[in-house]
Amino acid sequence: MSFNTRNVLSEIPSYDVVEKDWPIKVNANECGMNLPPMVAERVMSRLSRIAFNRYPNEQYLALTEAIGRSFGLQPDNVLLGSGSSEIIEKVFYAFGGGRDRKIVYPWPSFSMYPIYAKAAEAEGVAFELSADDNYELDPKKFIDFVKKENPSLVVICNPNNPTGTVIKKSDVEYIAQNVDCALLIDEAYIDFDISESVTDVLLKYPNMMIARTFSKAFGLASARVGYMLASKSVVDIIGRAFMPYHMNVLSLVTADTAFTMRDEFIPRINMMISERKRMESELKKIDGIKVYESNTNFIFMNYDKAVQLNEALEGQGIGIRSFGNAPLLTNCIRISMGTREENDVWLKAVMDFVEASV
Ligand SMILES: *Cc1c(COP(=O)(O)O)cnc(C)c1O
């Protein structure tokens with residue numbers, strides 16, 4: 001029998017994050033709390049009135065209007081996706097399509113970029129960040145690199161996952177002015193450092209697209225909703241890569257409710273930020289652990305026994321993200337902020353491990 005798929009599929013790793021039911025789950029940068037009760041109640045009441053027999057129409061428009069309005073934009077500046085993952089994947093698809101078409105991104109960054117590049121049959125090109133520079137991006141060097149590579153698309157994750165580093169808004173604009181191709185800014189964590197967002201200057205740069213998600217600060221990872229902001233013509237052309245009715249009404253209504261009630265999320269976003277600061281200052285007291293500056297809801301650090309520490313924490317039911325010996329990330333660990341109680345538990349486990357192994 002012939003079962004002849006595209007060659008590239010066998011080169012794509014399967015997404016095999018072994019997920020256990022961790023008693024303390026701080027490995028995926030999710031929000032540690034379920035929806036605020038008032039929001040959950042409103043979601044349930046709206047879901048009970050859905051016309052399940054109809055394709056999604058007005059619900060899609062309602063959410064694009066609400067999102068657009070909040071940024072001083074029009075509905076046709078907004079494209080919704082099943083998580084910002086779908087947005088990013090389609091943008092890669094739109095700018096890929098040949099080995100001579102390059103997609104450049106600083107690296108290390110979001111693990112899915114190289115995979116989407118491959119799937120789009122583009123060449124993913126990494127601009128390497130160095131631990132010696134605290135993984136900070138030098139805009140001038142980056143622009144020079146982009147000019148040399150001449151890609152069809154540049155992707156910048158700001159703040160960056162997994163390093164937590166932020167790029168100043170002025171530097172993002174400087175890059176936008178100096179690269180002669182499409183530019184996608186992945187703002188998955190920008191709610192934790194909103195002053196560096198470029199949404200308010202978006203329309204100055206016809207090459208710019210911004211991806212946002214409800215999965216992290218807004219704690220809606222289950223619903224899979226994200227969005228892209230861009231000029232009308234960019235939204236129109238990228239939109240053609242999506243199938244009709246790609247967003248389901250349950251997720252649209254849930255995200256619309258959360259977005260309408262977004263003020264309810266501010267206290268918990270502030271709590272995640274203050275917990276990160278508290279954990280950072282505690283971890284910095286521990287000899288042998290290097291904590292990088294983070295502007296997100298997670299902490300990124302280096303420890304020479306990172307792999308053993310990860311195993312020890314696993315044994316205690318604590319799921320964190322260890323990068324093993326991945327290039328540029330050897331002995332690095334990423335821990336998302338849980339509740340205050342959860343953070344106290346993993347911090348104690350880290351301190352006990354370090355103490356026992358000196
Ligand atoms: C989590 C994450 C996303 C996408 O999340 P979705 O759940 O698909 O919206 C995108 N980019 C980065 C850097 C992320 O960490």
Side-chain angles (χ1 to χ4, degrees), residues 15 17 19 25-32 35 63 67 78-93 103 105-117 119 124 126-127 129 135 137 153-167 172 183-193 196-198 209-229 238 241-242 246-248 250-252 254-256 258-259 265 269 272 276 292 294-300 319-321 323 326 329 332-337:
Y15 195 74
V17 181
E19 271 306 358
K25 186 175 185 308
V26 283
N27 61 352
N29 298 342
E30 295 150 327
C31 174
L35 289 179
L63 185 53
I67 291 172
V78 184
L79 186 62
L80 303 178
S82 291
S84 56
S85 293
E86 190 184 23
I87 303 279
I88 299 165
E89 187 235 355
K90 297 299 189 200
V91 170
F92 275 56
Y93 169 86
I103 299 177
Y105 34 78
W107 192 260
S109 191
F110 190 36
S111 59
M112 294 307 291
Y113 297 158
I115 294 169
Y116 295 142
F127 173 79
L129 304 169
Y135 297 101
L137 182 78
L153 173 68
V154 168
V155 184
I156 292 177
C157 184
N158 195 37
N160 190 34
N161 176 13
T163 61
T165 36
V166 76
I167 306 167
V172 177
L183 175 63
L184 174 65
I185 313 295
D186 182 351
E187 293 193 340
Y189 299 95
I190 204 76
D191 301 285
F192 301 103
D193 193 3
E196 306 303 343
S197 174
V198 286
M209 296 162 276
I210 300 171
R212 292 267 191 111
T213 178
F214 284 94
S215 299
K216 308 287 163 58
F218 290 90
L220 266 188
S222 66
R224 312 298 301 118
V225 184
Y227 56 94
M228 181 181 90
L229 305 173
I238 304 293
F242 292 75
H246 63 283
M247 301 294 293
N248 72 77
L250 287 85
S251 292
L252 287 169
T254 303
D256 186 66
F259 194 75
F265 293 81
I269 291 173
M272 287 185 256
R276 188 200 71 224
Y292 292 93
S294 172
N295 294 62
T296 63
N297 64 334
F298 58 83
I299 292 180
F300 182 67
I320 62 167
R321 179 71 196 269
F323 293 92
L329 291 171
C332 288
I333 275 180
R334 189 192 68 197
I335 306 183
S336 327
M337 290 308 102

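Keep in mind that the numbers below use all heavy atoms, side chains included, and drop hydrogens, waters and symmetry copies. Note that this is a predicted model, so its numbers are computed, not measured. One-based numbering, in listed order, for ligands and for the atoms of each.
- Heavy-atom minimum distance, Y113 versus V155: CZ-CG1, 3.7 Å.
- Applying the salt bridge (charged side-chain N to carboxylate O under 4.0 Å, His left out) test to every pair with at least one member in residues 156-166, sequence neighbours left out, gives no pairs at all.
- For the ring pair (Phe, Tyr, Trp, His ring centres under 6.0 Å) with F218, the qualifying choice from F265, F192, F259 is F265, the only one to do so.
- Taken from OG in S336 to NZ in K216, the straight-line distance is 9.0 Å, to the nearest 0.5 Å.
- Under 4.0 Å from any atom of ligand 1, one finds heavy atoms of residues G83, S84, S85, I88, F110, C157, N161, D186, A188, Y189, T213, S215, K216, R224.
- Between Y105 and F110, a ring centre-to-centre spacing not shorter than 6.0 Å is recorded.
- Using modelled atom types and a 3.5 Å distance limit, the side chains of N161 and R334 yield a donor-acceptor pair.
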